Amino acid sequence: MGSDRDEDDEVAIRAVELRKVYGARDARVEALRGVSIEVKNGERLALLGKSGSGKSTLLNLLGGLDRPSSGRLRVGGRDLDRLSGREMARFRSTTVGMIFQSFNLIPSRSATENVELPMIFAGRSPRDRRAVAREALESVGLGERMEHRPDQLSGGESQRVAVARALANRPRVLLADEPTGNLDSQTARQVMALILDHVREHAATLVLVTHDEELAATCTDRVVRLVDGRIAAEST
Amino acid sequence: MRWFDLFRWALAALGQQKLRTSLTTLGVVFGAFVLAASLSINEGVQETIQREASKGDAARKVTVHPAWRANRDSKKDQVEVKGRMSAERHERIRKALADRRGGGGLAERVDLTSDRLETLARLPHVRRLIPIVGGPVVATLGHRPEDASLSSGAGEDPEFRKRVVAGRAFEAEDERSVLLSEMFAYRIGLVDDADIAQVIGKPLRIEFWNPEEGPSFEVSLAGRSRGGGRDEWLALRQLAWQLPGMLDQFRLTADESSILKKAIRQPSAAAVPIDAADDYQVVGIFRELTHEENKDAWSRFPADTDLILPRQTAVDLYFRDPARRKGGVHRAVLLIDDMRNVKEVVDRVEALDLRSESIVRFVERERLTYLLIFGGMTCVAAVALLVSALGIANTMLMSVLQRRREIGIMKAVGAADWQLQALFLVEGGLIGLIGGVSGLLLAWTISFPGDAWVRSMIRRDMQIDLSGSIFAFPARIGVIVLFFTIGVTVVAALYPARRASKVDPVTALRHD
Ligand SMILES: Nc1ncnc2c1ncn2[C@@H]1O[C@H](COP(=O)(O)OP(=O)(O)O)[C@@H](O)[C@H]1O
Ligand SMILES: [Mg+2]
C-alpha cells in the first residue's frame, strides 16, 4: 500500500486495458478497445484522433461520467471502479474539472450560478461558493458579467464561464474536450491561455482532446493518438 | 447539497415555466379548496350545533311524554277477526285491531304517574326531574271567574326572568305564588299601570277544570260565531248542560231517544266535589316573548300561557284530584348532567315505553346530513387531487425529458442521483404547498360569503339566528390539507424524479 501512495503523488491518471462497448448485438459499438495510458501529475497530455475514434468516450470515463465496460481506471488517487454512485458524484464535483466543446452551461442561470453549480452539489455554503465563483470569474476576465445569462454572452465568454466553473474547485485533473472547437482562432487562443495558466499555476494535470495538431504541439507535453478506440502512437 | 439550495433550485425551475406550473397547480388548488371547505364546514357545523344546542340548558334537557304501548299481558290472538279472507288480510286486520288504542284495543297508556316519575328521577345521569302540569283553569280575581291557561314554570331561568316586568319571579319551587301574563291581566281589565302595580300581592283563586263536571257534549257554532267571546261560549255551555233534560221535547223516535239517553251521561249528584282549587298570591307580571326571542328556537317555553305556578305548587294542586293523580303529569323534563349522556338517558326512557323529545335527535339528524355532505365533498377533493396528481406526473415527466441536457450538465459537474431525485420531489412538494396554501386561502375567503349565505338560508327556513360561523378553521385543518396536497404531489413526482436521476449524462450531453 505504501508504494501505491508514492505512486499517487506521481501518477494522476492510470488506465489499464479500458474497453467501452455501447449498445448490444446489431447496434453494438466498440468505442474503446483496450486503452492503457498513464499520465503523471502536472503533465499536459493531448488526445488526437479522427472523429469517432473514441476520444470523448475516453475523456468521459476519465471524468467519471461513465464507467468502462472493462479495464481498470485510477484518477486523482481514486479507483473509479470501486466508487459508489455517490462517491462518483463527489469525485466529479471536486477532483476533476471538465470543459466541453459546447460549453454546457445551464441557459436559465447566470454566469455566477453556473460557476457555483458544482459547489452547490458539493454542499458548500452560499457565502463561500459565491466568493469562489466571483474570484474564478474575475480570473477569466468576466468580473463585469457575473449576472449575465449564457444567452447574453458570446461564445468565447460562455466558454470562459465554463472554464471558470471547471477551475473554481481547483481540481487536480482538468479534462477538456475540444474546448476551442466552437471558437474563432483569437478567442480560442485566449481560452487556451486561461486553461494553461491555471494548469501551470496549480500544477494540475491536463488532458486536452483536440483536432488541432499545432495546438497539441504547442500546448502539451505529450501527444497520444487514438485510432478506432486504440492508442496508435505516442510522441513527445 | 443544502436544503436551502434544494428549495431555491426547485422554485427557480418552477418559475421557469410559469404557465405550466400555474396550470398544474390549479388542480391542486381546487382539490385543496374542496378539502379545506369540507373539513371547515364539518368542523364549523359541529361547533355550531354544539354551541346552539348548549344555549341555556336546552341541550341537557329530555322532555318525557306519556305514550301508548302494546299491551303485553293480553295475547294478541284474543283479537277476533270475522269473515273469510286471505291470510295476509287477516293478519293486517288482526294487527290493526290489536294495536287499537283505548277501550276496545289492546294498547295501553303509559302515564307519568308518581311511581314512574320516581323511576325517571333515579335514572343514572338525571340531575333533576321537573314534572310539568298545566291546562285550562278558572282563575278568579276578586269575584270575577275567568278561563285561563296554566303552566307550571321556571323561576330560575334567566331568560325567563328577563320577561318579568312587574313584581318578581319565583324563588322556590313550592311557594304559593302565581305569575300573570301581561295579556291576561289586560284581558281581565287590569289596563292601567296603576292596576298592574296594585294587583301584586293580591290572592288569585285557581281551579282546575274538571272534565267530569262539565256536560257530556259540546255545543258549538261550527265556526260561524261572529266573535261573541266568552259570554257566547258560556251560553253555549249552558245549552249543553240543559239539552239532555229536554230530549223528550225533540221529535225523535223512541229508539233514537233511548240510544241518546243511554249515551249521554247524566250529571250525577253523587259526584265527589273535587278540591282542586286554591288561592295563590300574585307576585309578578310577565310579558310575551318578543319577536327576537321567539326566533331563538330553543327558548320558547313558556310561550303563550296566561298563568304560571311554581312547579311543585302546580303539581300539588293538580294531584289533589285522585283521578289526575292516577293519570299522572302531562310531561316531565329531565335535566341531564352532561350533554354527552343525553343519548343514554333517552334510550333508557324509551325502554320504559315513554316518549321523549330532546335536541339530541335533531342534532343527530343534522350530523348525519353534514356527514353525508362532508363525505361527498371529501370524495370530490380526493378525485380532484388524484387527477391533479396524474397531471403533475405527466407534466413533470415532460419536463424531465425537456431538461435532459440540464440534468446531464448537473450530473457532469457532480450532482448525485439522490440530489436530482430530491430536486424533483421538492419541485412536486412545492406545487403541493403552493396549491394547498392557495386552496386554503381560497376556502377561507369564500367562507365569508358562504357563511352569510347559509346563515340567511337558515334564518329563512328555520327562523334561527346562528351565532358564530358555520366555517371553522382551526390550525389542524391547514395541517391536514397541506399534508394531503404535499403528500399527493410528492408521490406524483416520485416516478419523474426517478427518471431524472437515471438520465445518462454522456448521452444527454452528446448532441448539441
Ligand atoms: N452513447 C453512445 N451510444 C452509442 N454509441 C456511442 C455513444 N457514444 C459514442 N458512441 C460511438 O462510439 C464511437 C466513439 O465516439 P466518440 O468517443 O464520441 O468519438 P470522438 O469523440 O473521437 O469523435 C463513435 O463511433 C460513436 O458513434
Ligand atoms: Mg468527441
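Below, chain A is the first sequence line, B the second, and so on; all start at residue 1. Everything numeric here is computed off the predicted structure, so don't read it as measured data.
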Assess whether salt bridge (charged side-chain N to carboxylate O under 4.0 Å, His left out) is satisfied between B:Asp5 and A:Arg129, documenting all intermediate values.
CA-CA 12 Å; B:Asp5 287 313; A:Arg129 63 185 194 231; 2.6 Å; yes
Please classify the contact between A:Arg165 and chain B as side chain, backbone, both or neither, with a heavy-atom cut-off of under 4.5 Å.
side chain
Heavy-atom pair with the smallest gap, counting every atom of B:Ala12 and A:Arg109
CB-NH2, 3.3 Å
So CE of B:Met410 and OG of A:Ser93: to nearest 0.5 Å the spacing works out to 13.5 Å
State whether the number of non-hydrogen atoms from other residues, nucleotides or ligands found under 6.0 Å of B:Phe483 atom CZ is greater than 12.
no
Can you tell me how far apart CZ (B:Arg405) and CD1 (A:Ile106) are? Round to the nearest 0.5 Å.
11.0 Å
Where on A:Phe100 is there a heavy atom nearer than 4.5 Å to chain B: the side chain, the backbone, both, or neither?
side chain
Heavy-atom closest contact (A:Leu65 atom, B:Asp504 atom, distance):
O-OD1, 4.4 Å
Under 6.0 Å from the CZ atom of B:Arg476, do we count more than 12 heavy atoms belonging to anything else shown?
no
To the nearest 0.5 angstrom, please state how far the OG1 atom of B:Thr507 sits from the CG atom of A:Asn60.
9.5 Å
Has B:Gln419 got a side-chain atom pairing as donor or acceptor with A:Phe121's backbone, closer than 3.5 angstrom?
yes
Quick check: are there more than 12 heavy atoms from other residues, nucleotides or ligands sitting under 6.0 Å from CZ of B:Arg8?
yes
Contact class of A:Ser125 relative to chain B, heavy atoms under 4.5 angstrom:
both
Rounded to the nearest 0.5 Å, what's the gap from CG on A:Leu105 to CD1 on B:Ile409? Could you check?
7.0 Å
For B:Trp9, which atoms come within 4.5 Å of any heavy atom of chain A: side chain, backbone, both, or neither?
both
Keeping B:Arg2 on the side-chain end and A:Ile120 on the backbone end, is there a donor-acceptor pair under 3.5 Å?
no
Quick one: does A:Arg90's side chain have a donor or acceptor within less than 3.5 Å of a partner on B:Gly414's backbone?
no
Might you confirm whether atom CZ of A:Arg33 has over 12 heavy atoms from other residues, nucleotides or ligands at distances under 6.0 Å?
yes
Could you tell me which of B:Ala416, B:Gly408, B:Pro505, B:Ala415 has the largest number of non-hydrogen atom pairs under 4.5 Å with chain A?
B:Ala415
Give the member of A:Glu87, A:Met98, A:Arg92, A:Glu113 that has the highest number of heavy-atom pairs under 4.5 Å with chain B.
A:Arg92
Would B:Arg510 and A:Ser102 satisfy side-chain hydrogen bond (donor to acceptor under 3.5 Å, both in side chains), going step by step from the backbone distance to the final call?
CA-CA 9 Å; B:Arg510 221 155 78 89; A:Ser102 50; over 6 Å; no
